[in-house]
J.: 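Right, I'll just put the structure down here and ask away after.
All chains are named by letter (A, B, ...) in the order of the sequence lines, taking the proteins before the strands, and each is independently numbered beginning at 1.
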Number of protein chains: 2
Amino acid sequence: MSLTYIQSFVAVAEEGHVGRAARKLHLTQPPLSRHILALEDELGTRLFERTPRGMKLLPAGEVFLSHARRILAEVDIAIERTKGPGTGGR
Amino acid sequence: MSLTYIQSFVAVAEEGHVGRAARKLHLTQPPLSRHILALEDELGTRLFERTPRGMKLLPAGEVFLSHARRILAEVDIAIERTKGPGTGGR
DNA sequence: GCGATCCAATGCTGTCTCGGTATCGGGTTC
DNA sequence: GAACCCGATACCGAGACAGCATTGGATCGC
């Protein structure tokens, strides 16, 4: 599990498209595709249904998505709170 | 930022000792020391005070610690919830 | 039906990250 | 002041990872 992979997952879930998400993340399609496969492998579950039009979130994917967003948000908060107030940031 | 580094940080904070935390994580002392330095660099703040006895958490470190624990807990929950119920895990 | 098109997945390669070993430098203890 | 304990750094080799090129499957247009 890695924060990078979680970010990739969220981007693909939001775009419904590996290629499009890749551009958004300044990556190319193959590594992003592998991120999703790695996550699915680690979780032991398919997160997306592969359709000719792109990637469609499966129920397990929706569950993971909500947690993924929370995790990323927590990380942002942690960074902000730590570097910000107590340290003479602003 | 990486989950591995966050785990390292929590271990060092709990042990008050890089070497001891390293053993706990099945790592050696140098990489663990680098994890902490990398985090401090990324956050732009010292998280620990280096003493002759080990590592003492600074205020910024305590702030980050509480968030770090929450992040790791969220990840665990995400994994459990995703692989577990909705998917026929059991 | 067949070529064109769009999608994700895979094979391969170069690079960069990361962990381990060895060593250093500072500070304390006796 | 020599031994000891601590984290930090230099260096090196292995593994991870991104990118390029290509494949394979499904749909669309003619």
J.: Could you check whether any side-chain heavy atom of A/Arg81 comes within less than 4.5 Å of a side-chain heavy atom of A/Asp76, counting everything from C-beta outward?
T.: no
J.: Counting only side-chain nitrogens and oxygens, does A/Thr28 get under 4.0 Å of the OP1 or OP2 atom of D/dA18?
T.: no
J.: Between the main-chain N or O of A/Met1 and the side-chain N or O of A/Glu42, is there a donor-acceptor pair closer than 3.5 Å?
T.: yes
J.: D/dC17 P sits how many Å from A/Leu3 CG, rounded?
T.: 13 Å
J.: Determine whether A/Leu32 and A/Leu72 fall in the same hydrophobic cluster, where Ile, Leu, Val, Met, Phe, Trp and Tyr are linked whenever their side-chain heavy atoms lie under 4.5 Å apart.
T.: yes
J.: Would you find a donor on one side and an acceptor on the other, under 3.5 Å apart, between the side chain of A/Thr82 and the backbone of A/Ile79?
T.: no
J.: Within residues 16-25 of chain A, find the residues that approach DNA chain D with a heavy atom at under 4.0 Å, and present them sorted by residue number.
T.: none
J.: Starting from P on C/dC6, measure out to CE on A/Met55 and report it in whole angstrom.
T.: 19 Å
J.: According to a strict under-4.0 Å criterion, is B/His35 in side-chain N/O contact with OP1 or OP2 of C/dG19?
T.: yes
J.: Contact class for B/Arg53 vs. all strands (heavy atom < 4.0 Å): base, sugar-phosphate, or nothing?
T.: sugar-phosphate
J.: For the pair made of NZ in A/Lys56 and P in C/dC7, what is the distance, rounded to whole Å?
T.: 18 Å
J.: Atom CZ of residue position B/Arg70 - does it have more than 12 heavy atoms of other residues, nucleotides or ligands inside 6.0 Å?
T.: no
J.: To the nearest Å, give me how far apart CZ (B/Arg34) and C1' (D/dC12) are.
T.: 11 Å
J.: Rounded to the nearest Å, what distance is computed from the CD atom of residue A/Gln29 to the C1' atom of nucleotide D/dC20?
T.: 11 Å
J.: Let me spell it out: for each of A/Pro52 and A/Tyr5, pick the nucleotide of DNA chain D with the closest heavy atom. Which residue's pick is nearer the 5' end?
T.: A/Tyr5
J.: Measure CD/A/Gln7 against C1'/D/dA18 and give the value in whole Å, please.
T.: 16 Å
J.: Measure the distance from CD on A/Glu42 to C1' on D/dA16 and round it to the nearest whole Å.
T.: 15 Å
J.: Are OP1 or OP2 of D/dG7 and a side-chain N or O of B/Ser33 less than 4.0 angstrom apart?
T.: no
J.: Any side-chain N or O of A/Arg50 under 4.0 Å from OP1/OP2 of C/dC7?
T.: no
J.: Could you give the CG-to-P distance, from B/Leu27 to C/dC18, as a whole number of Å?
T.: 12 Å
J.: Is there a side-chain contact between B/His35 and B/Leu39 (heavy atoms, below 4.5 Å)?
T.: no
J.: Give one of base, sugar-phosphate or nothing for B/Leu37, where a contact means two heavy atoms less than 4.0 Å apart.
T.: sugar-phosphate
J.: Are the charged groups of A/Lys24 and A/Glu14 less than 4.0 angstrom apart, N to O?
T.: yes
J.: So what does A/Phe48 hit on the nucleic acid, given a heavy-atom distance under 4.0 Å: a base, only sugar-phosphate, or nothing?
T.: nothing
